[in-house]
Amino acid sequence: MTMVSIGDLARTLMLQRHTGTSKQALQRLAGELASGRHADLSRQVRGDLAPLAGIEGALARIDGWRSAAGDLGLRLGAMQTALGALDGVAGATAEQLLAAAVSAQPAQVDRAARDAGEALDAMIGVLNARVGDKAVFAGVEGDNPALAGADVMLDALVPLMAGATGVDAVETALQAWFDDPAGFAAVVYQGGAAQTGVGVGPGELVAPGVIATDPALRNALAGFALAALADRGVLAGSDAGRRGLIQRSAERLMGNAGERALLAARLGSVEARLDRAQARNGTEAGALEIARSGLISADPYKTAAELELTRVQIETLYGLTARLSGLSLAGYLR
Amino acid sequence: MTLTRSLNTALSGLTATARNASAVADNIANLRTPGFGRREVVLAAQRLGGVAVSAVHRHSDPALAGARREAQAAASQGQARSGFHARLETVLGLPGAAGALADRIGRFEAALAAAAASPGSDARLSDVLGSAKGLAGQLRDASASVLAARTQADRDIDRDVAALNLALSQVEGLNAEIRRMTVQRQDPAALIDQRAQIVDGIADILPLREVARDGGAIALYSAGGGVLLDGRASVIGFEATGTVVPGMVIGGVLSGLTLNGRPVDVAGGGMLGGGRLGANFAVRDQLAPETQVQLDAVARDLIERLGAADPTLVPGAAGLFTDGGVAFDPTDEIGLAGRVSINPLADPAFGGEMWRLRAGLGAAVPGPTGDGALLVALGSAMTTGRAPVSGDFVPGLRSFAGLAGDLVSMVATARLFEEGTASFAATRSAILDQSAAEAGIDSDQEMQALLLIEQAYAANARVVQTVDEMLSRLLEI
């Protein structure tokens with residue numbers, strides 16, 4: 001006679017297997033709830049990690065651009081400050097020179113010329129401003145100061161004026177030297193070429209592009225230099241000549257104001273581009289982070305509900321194991 | 001006469017019930033022994049009256065046992081294969097995890113962008129160097145993990161082959177013992193249990209089929225048709241390789257299996273394929289080398305991208321990422337990922353100079369400290385689309401981060417697939433184990449049988465007592 005019987009081990013194995021599976025599920029759900037992200041990310045995205053990798057890569061790049069943009073912003077800020085100082089001193093010096101020229105008193109002219117010489121010194125100092133121990137107007141060669149001292153400039157200029165007879169001749173020679181690549185650019189300018197663009201956004205390169213040989217700055221320095229030459233003994237014999245020099249200098253400095261304003265505007269537009277790039281990066285980073293959390297984060301409500309269900313199931317299994325363990329015929333015989 | 005015959009009959013009854021009780025005791029003692037065949041005593045009426053034990057029957061279900069062993073082999077195979085992929089996925093890391101491949105690429109690109117704005121800053125350049133070293137280190141770690149998996153698989157094969165040979169010789173010995181005991185009409189049930197357990201152990205290593213032979217002996221064949229044991233045990237041959245390095249292949253330095261001296265196929269459908277043994281061979285000879293090829297292709301892409309972006313390099317000179325310090329040679333791509341390193345010309349730890357990161361590796365002088373053009377070029381080289389020159393990638397242009405993302409996706413997809421297969425096999429194996437356990441000892445049934453045996457013994461003893469009284473009454477006359 002065939003009897004149907006179930007071996008004792010069968011029940012034990014089944015309860016053990018189910019308890020084990022439920023406890024594994026409990027572990028996983030507790031981890032997901034605690035960390036807020038899926039335990040098995042690959043399973044969540046079904047093996048396609050390329051979008052997530054793309055998001056992470058983009059966020060890292062934005063981080064790098066943020067750093068680069070910060071550095072650039074500092075440099076541009078320093079440049080704008082220097083230009084502002086230059087503007088102020090140029091204006092004040094021009095007024096003083098004009099007043100002295102109008103008064104036509106040699107003592108006042110001499111004093112004005114000497115003040116112009118000191119202003120030239122101060123201006124060169126302003127244009128040698130440094131940020132992060134690199135000169136901002138020196139282009140790629142940031143280690144050196146952008147400009148050599150006023151003495152170097154005037155020492156190179158004065159011999160050129162030896163044979164000059166009038167104010168026009170002096171001015172022409174001065175302009176020629178400033179425009180000559182072997183003159184100002186070689187003797188006084190100690191920096192290098194302008195820096196090339198730096199990446200601050202996807203496909204976006206930004207460079208200040210202003211070095212001390214920029215025409216606006218050069219012409220401002222030329223204006224100062226013209227008056228400073230009078231202090232150095234050029235046209236020493238002619239009072240009228242020296243008066244003419246400081247008058248021309250004042251006119252140059254005032255005429256240069258337009259160029260300087262355009263330069264400031266140019267730098268301003270670069271700063272604006274930088275700000276826009278920063279804002280775009282910030283918005284994109286925010287959107288990317290939202291997308292990333294959508295991919296990897298585990299819904300806490302759903303996880304908590306599943307966790308509760310699993311807990312109840314394990315408790316049921318424990319109760320079942322306890323109750324069924326006492327169910328044996330041997331315990332009921334006698 | 002009849003009274004004496006009644007006595008003998010009752011005595012035979014007592015012996016039979018005693019034998020029954022011992023069978024029940026055997027069953028209950030082995031309640032928790034997996035693979036134990038339930039003993040049942042077969043009684044037969046004797047011609048001259050009484051009862052005799054004609055046989056002690058050991059219950060077994062060969063079909064269920066065969067299915068269970070097949071499922072067990074499949075589960076072992078799935079576990080070994082998915083284990084390889086899971087380990088590899090952990091080493092490469094998922095995007096978002098710190099130290100993962102994607103994370104290191106992101107850091108390198110960010111360092112390049114930041115350094116481009118301040119090319120004279122030592123801190124920025126050292127950040128570029130550090131993150132580049134981290135990236136190279138991660139590729140080397142992944143390659144080392146693949147090699148370690150191959151070496152481990154080779155060792156596991158060696159261990160399993162030794163266990164297999166031992167088990168086959170043990171089964172051969174047990175076959176002889178069981179045959180002898182059957183001929184001598186002794187009870188070989190315990191040895192049969194032991195033999196079944198050993199064959200279960202073999203099924204873990206290799207899928208097999210058991211065929212009954214006469215005299216209680218068995219023959220064993222692998223699922224692919226190879227003779228493991230038929231009369232005499234076959235000898236499986238394998239030579240372990242100490243440490244596996246890239247480029248070693250089966251048939252060359254790495255050994256395959258021999259069956260009684262003749263080489264056999266260990267691939268999926270081959271003569272000795274399947275099971276944990278087959279899985280380890282697949283890891284050593286197919287899965288790991290394929291992954292190595294992909295890693296090498298990624299390393300090559302990195303080396304070639306950045307090498308092409310540096311205008312100061314002469315053709316043939318090594319770029320920022322090198323093959324162990326020297327330029328990359330296209331004929332020597334195998335194992336490249338395990339050798340990729342930073343050019344010592346740029347590394348102060350090896351006598352190089354960090355300004356070469358800014359000025360170019362072929363530059364003789366530091367150059368202007370504010371010139372970030374090369375750093376910008378390196379950054380854009382990492383992000384421009386480039387078709388991978390080698391490796392098994394879908395054709396198309398990718399940035400380097402995209403290529404690495406595709407690599408990790410491939411590994412993750414393979415792991416999910418293998419885990420799915422393994423989990424199916426494991427579930428099937430668990431269900432069949434459950435069925436086998438259901439056919440095991442039921443203590444309630446044994447208790448009920450014990451009740452009957454007790455009654456029968458008491459009845460037979462009463463008969464003996466009664467016949468004894470009758471005989472004494474007779475003798476009192």
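Throughout, protein chains are lettered first and strands after them, A, B, ... in sequence-line order, and every chain is numbered starting at 1.
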With a 4.5 Å cut-off on heavy-atom pairs, point out which of [options] contacts chain B the most.
options                               : value
A/Gly57, A/Pro51, A/Ser67             : A/Ser67
A/Leu13, A/Asn144, A/Asp143, A/Val206 : A/Asp143
A/Ala193, A/Ala68, A/Gly139           : A/Ala68

Within a 6.0 Å radius of atom [atom1] on [X], are there more than 12 heavy atoms belonging to other residues, nucleotides or ligands?
X       : atom1 : result
A/Arg43 : CZ    : yes
B/Arg68 : CZ    : yes
A/Gln24 : CD    : no

Where does [X] contact chain A at under 4.5 Å (heavy atoms): side chain, backbone, both or neither?
X        : value
B/Ile441 : backbone
B/Glu446 : neither
B/Asp371 : both
B/Ser435 : neither
B/Val376 : side chain

With chain A, which of [options] has the greatest number of heavy-atom pairs at distances under 4.5 Å?
options                                : answer
B/Ser443, B/Ser409, B/Ala113, B/Ala117 : B/Ser409
B/Met410, B/Glu89, B/Arg415            : B/Arg415
B/Leu31, B/Asp406, B/Ile28             : B/Leu31

Indicate yes or no for a side-chain donor-acceptor contact from [X] to the backbone of [Y] under 3.5 Å, with no hydrogens or angles considered.
X        : Y        : result
A/Ser42  : B/Ala412 : no
B/Thr413 : A/Gly47  : yes
A/Ser5   : B/Gln445 : no
A/Gln195 : B/Gly370 : yes
B/Glu109 : A/Ala60  : no

Contact origin within [X] toward chain B - heavy atom pairs under 4.5 Å:
X        : result
A/Glu141 : both
A/Arg292 : neither
A/Thr196 : side chain

Minimum side-chain heavy-atom gap [X]-[Y] below 4.5 Å:
X        : Y        : value
A/Leu333 : B/Met447 : yes
B/Gln448 : A/Leu329 : yes
B/Met382 : A/Arg61  : no

For the student: nearest non-hydrogen atoms of B/Pro95 and A/Leu52, plus distance: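 What the structure gives for the nearest pair is O-CD2, 3.7 Å.
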- prompt: Is any side-chain N of the basic residue among A/Asp71 and B/Arg124 closer than 4.0 Å to the acidic one's carboxylate O?
  reply: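 Yes.
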- prompt: Do A/Arg11 and B/Asp442 meet the salt-bridge criterion of a basic N to acidic O distance under 4.0 Å?
  reply: no
statement: d(B/Asp433 CG, A/Arg17 CZ) to nearest 0.5 Å is 9.0 Å
query: What is the distance from atom OG1 of B/Thr369 to atom NZ of A/Lys134, rounded to the nearest 0.5 Å?
result: 4.5 Å
